[in-house]
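One structure below.
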Amino acid sequence: MREPDFWWQKPGIAARLLSPLGLIYGAVSGWRMRRTGFRADIPVICIGNFTLGGTGKTPSAIAIAKRLAAQGATPFFLTRGYGGNLAGPVRVDLQTHRASDVGDEPLLLAREAPTIVSRDRAAGAAFAQAAGATIIVMDDGLQNPSLHKDVSIAVVDARRGLGNACVFPAGPLRAPIATQLAMVQAILVVGTDTGAEPVAELAHARGLPVLRARLEPAPEAIKAIEGRNVLAFAGIGDPRKFFATLALGGITTKIEESFADHHAYTDNEAAGILARCEAENLVPVTTEKDIARLTGQDGARGRLAAAACAIPVTLVPDDPGMLINLLDDALRMSG
C-alpha cells in the first residue's frame with residue numbers, strides 16, 4: 001500500500017473525516033500493546049517505530065547488533081518476515097531463501113547475525129535461544145504484545161517525524177503517541193532535519209533518552225557511480241529518504257522512481273526501468289532491500305538485479321556512548 005500524502009501534512013479535511021476511525025483503531029491498538037507477553041530467559045531489545053512507513057529500523061537494528069557482538073554478546077535477529085510466505089520459526093539461510101520466502105529485510109539482517117523469521121514472536125524467541133542466542137534484537141514489533149521487551153527503542157525519521165500526528169487511518173501513527181511513549185526506553189532520531197523535534201520534546205518531558213544518528217552511504221558504492229547519470233528507484237517506506245541519501249553522497253539523479261514499501265516488481269516494471277536506462281545511458285541505482293526482492297527472479301527482474309547498483313547504508317550515532325550505555329543495561333539483565 002502506498003501511503004497517502006495527507007499523512008505527512010498538517011491535519012486537513014481527510015484526517016478530520018477519518019479521525020473517528022482513528023479513535024477506534026487507537027483504542028484497540030493501545031489496549032493490545034498493554035497486554036502481558038511471554039518473557040524469554042534472555043534479554044529482548046526491540047527496534048520499532050511509532051508510525052507506519054520507513055524510519056530506518058533495519059540499519060538501526062544492524063548497528064545495535066554489531067555493538068552487542070563487540071561487547072561479547074551473541075545477538076540473534078527476530079523478525080516477522082513481512083512479504084515472505086514462511087510462518088516460521090525458521091532460521092534464514094542466505095544460500096536457499098529468497099525474499100518471497102522470508103521477506104527482504106531478513107535477507108539483509110542475516111548477513112550480519114543469525115536471523116529468525118517467526119510470525120509468532122514468542123516461539124521465535126524460544127527458537128533463537130535454543131540455537132545459541134544470548135540476546136535478541138527484534139526488527140519491528142513494538143506494537144506486538146506477544147513477547148516481553150526488556151528495552152524498546154523507537155526509531156523516528158528526522159524529516160517526517162510523526163507526520164500529522166493522527167492515528168491510522170487518519171494518519172501514520174500505529175497507536176496514540178502517549179501510549180507508545182509509555183512503552184519505550186528511548187527514541188532514536190535518524191537524520192538531521194527538524195521534523196522529529198516535537199516528539200523529541202515529548203520524550204524529554206518523560207525523561208526518555210533521545211539518541212541521534214544519521215545514515216551514511218557506503219563510500220565505495222558512491223565512488224562506483226560518481227560522474228555517472230543515474231536512474232534511482234526504490235520501493236521502501238520513504239523512497240525520498242534514499243534519494244536524499246544519494247544527494248548527501250554527491251550523486252545527482254536524473255530520474256527518480258518511487259514505489260510502495262516492499263513493492264513486488266513486475267517484469268514489465270523492471271523492463272521499463274532497463275529500457276529507460278539504455279535509452280538515456282543511465283545507471284540504475286537502488287537500495288539493498290530492492291535488490292533483495294529482485295534477486296533470484298527470472299526475466300527482466302533478474303536482469304535488473306544484475307545491472308543495478310545497490311547502495312548500502314550504515315547507521316552512525318552522533319553519540320555512541322549513549323547507545324553503548326543503553327545496551328550495557330540490557331546486557332546486565334542477562335546476568
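Along the sequence shown, residues are numbered consecutively beginning with 1. Both backbone and side-chain heavy atoms feed into the values below; hydrogens, waters and symmetry mates do not. Predicted, not measured: the structure shown is a model, and the values here were computed from it.
Note: Ser152 OG to Leu142 CG = 5.5 Å, rounded to the nearest 0.5 Å. The CG atom of Asp139 sits 9.0 Å away from the OG atom of Ser60 when rounded to the nearest 0.5 Å. Atoms CG and OG1, from Leu107 and Thr295 in turn, are 8.5 Å apart once rounded to the nearest 0.5 Å. Note that the CZ atom of Phe233 and the CD1 atom of Ile273 stand 4.5 Å from one another [nearest 0.5 Å]. To the nearest 0.5 Å, atom CD1 of residue Ile236 and atom OG1 of residue Thr58 are 10.0 Å apart. Rounding to the nearest 0.5 Å gives a distance of 12.0 Å between CZ of Arg111 and CZ of Phe77.
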- Message: Checking Ile255 against Arg276 for the side-chain contact (heavy atoms from CB on, under 4.5 Å) test, could you report, in this order, the C-alpha distance in whole Å, the side-chain angles of both residues, the deciding distance, and whether it holds?
- Response: CA-CA 9 Å; Ile255 298 173; Arg276 294 192 71 177; 3.2 Å; yes
- Does the side-chain contact (heavy atoms from CB on, under 4.5 Å) test come out yes or no for Ile45 and Ile136, once each step is laid out? CA-CA 6 Å; Ile45 299 178; Ile136 290 169; over 6 Å; no
- Walk me through it: do Asn49 and Arg174 pass the test side-chain hydrogen bond (donor to acceptor under 3.5 Å, both in side chains)? CA-CA 9 Å; Asn49 62 354; Arg174 298 183 179 195; 3.3 Å; yes
- Task: For Val92 and Leu109, run side-chain contact (heavy atoms from CB on, under 4.5 Å): C-alpha distance rounded to whole Å, both residues' side-chain angles, the deciding distance at 0.1 Å, then the answer.
- Result: CA-CA 9 Å; Val92 176; Leu109 296 172; over 6 Å; no
- Item | CA sep, side-chain torsions, deciding dist, call: Phe243, Ser258, side-chain contact (heavy atoms from CB on, under 4.5 Å) | CA-CA 10 Å; Phe243 304 146; Ser258 300; 3.4 Å; yes
- After noting the C-alpha distance and the side-chain angles of His148 and Phe38, does the key distance pass the ring-ring contact (aromatic ring centres under 6.0 Å, His included) rule? CA-CA 6 Å; His148 171 81; Phe38 169 77; 9.9 Å; no
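A pairwise comparison of heavy atoms in Pro114 and Pro75 identifies CD-O, 3.8 Å as the closest pair. Among all heavy-atom pairs drawn from Asp120 and Ala123, the shortest one is OD1-N, 3.1 Å. Annotation for Phe50 and Ala154: closest pair CZ-CB, 3.3 Å, computed over non-hydrogen atoms. Of all the heavy atoms in Ala300 and Asp267, the pair that sits closest is N-OD1, 3.1 Å. In terms of heavy-atom proximity, Pro317 sits nearest to Leu315 at CD-O, 3.7 Å. Closest approach of Ala200 and Ile187 over heavy atoms only: CA-CD1, 3.9 Å.
Residues Glu216 and Val313 fail the side-chain proximity criterion, which asks for heavy atoms closer than 4.5 Å. Looking at heavy atoms from C-beta onward, Leu78 lies in side-chain contact with Ser118 at the 4.5 angstrom threshold. The shortest distance between side-chain heavy atoms of Arg67 and Ile324 falls below 4.5 Å. At a threshold of 4.5 Å between non-hydrogen side-chain atoms, the residues Gln9 and Asn164 do not count as touching. Counting heavy atoms from C-beta on, the side chains of Asn229 and Glu280 never come closer than 4.5 Å. For the pair Ile135/Leu68, a side-chain contact is recorded, criterion being any heavy-atom separation below 4.5 Å from C-beta on. With contacts defined as side-chain heavy-atom distances shorter than 4.5 Å, the pair Pro11/Phe6 does not qualify. Using a 4.5 Å heavy-atom cutoff, the side chains of Val44 and Arg121 are not in contact.
In terms of modelled atom types and a separation under 3.5 Å, the side chain of Asn325 and the main chain of Met322 share no donor-acceptor contact. Although no hydrogens or angles enter the test, the distance criterion places no donor-acceptor pair under 3.5 Å between the side chain of Thr134 and the main chain of Ala73. Panel note: side chain Lys149, backbone Gly141; a donor-acceptor pair is recorded below 3.5 Å. No donor-acceptor pair closer than 3.5 Å links the side chain of Trp7 to the backbone N or O of Phe168. His97 places a side-chain N or O within donor-acceptor distance of the main-chain N or O of Asp93, the cut-off being under 3.5 Å. The main-chain N or O of Pro198 is never found under 3.5 Å from a side-chain atom of Glu201 such that the two would form a donor-acceptor pair. A distance-only check finds no donor-acceptor pair linking the side chain of Thr179 to the backbone of Ala175 [under 3.5 Å].
When only modelled atom types and interatomic distance are considered, Asn268 and Thr266 share no side-chain donor-acceptor pair under 3.5 Å. Side-chain contact annotation: Asn144 with Arg80, donor-acceptor N/O pair under 3.5 Å absent. Looking at Glu256 and Thr253, their side chains do bring a donor and an acceptor atom within 3.5 Å of each other. With no hydrogens or angles considered, no side-chain donor-acceptor pair links Asp157 and Thr55 at under 3.5 Å. Of the N and O atoms on the side chains of Tyr265 and Asp290, at least one donor lies less than 3.5 Å from an acceptor on the other residue. Side-chain atoms of Asp328 and Gln71 include a donor-acceptor pair closer than 3.5 Å.
Residue Asp298 qualifies as open at atom CG: its count of foreign heavy atoms under 6.0 Å is 12 or below. With a 6.0 Å radius and a threshold of 12 heavy atoms from other residues, nucleotides or ligands, Arg206 has its CZ atom above the threshold.
Ile251 pairs with exactly one of Leu246, Ile311, Thr245, Val285 by the side-chain contact (heavy atoms from CB on, under 4.5 Å) rule, that one being Leu246.
A salt bridge links Asp104 with Arg293: at least one charged nitrogen is closer than 4.0 Å to a carboxylate oxygen. A salt bridge links Arg160 with Glu3; the closest basic N to acidic carboxylate O contact falls under 4.0 Å. A salt bridge does not link Arg301 with Glu269: every distance from a Lys NZ or Arg NE/NH1/NH2 to an Asp or Glu carboxylate oxygen is 4.0 Å or more. Salt bridge annotation for Arg303-Glu278: absent, with no cationic side-chain nitrogen under 4.0 angstrom from a carboxylate oxygen.
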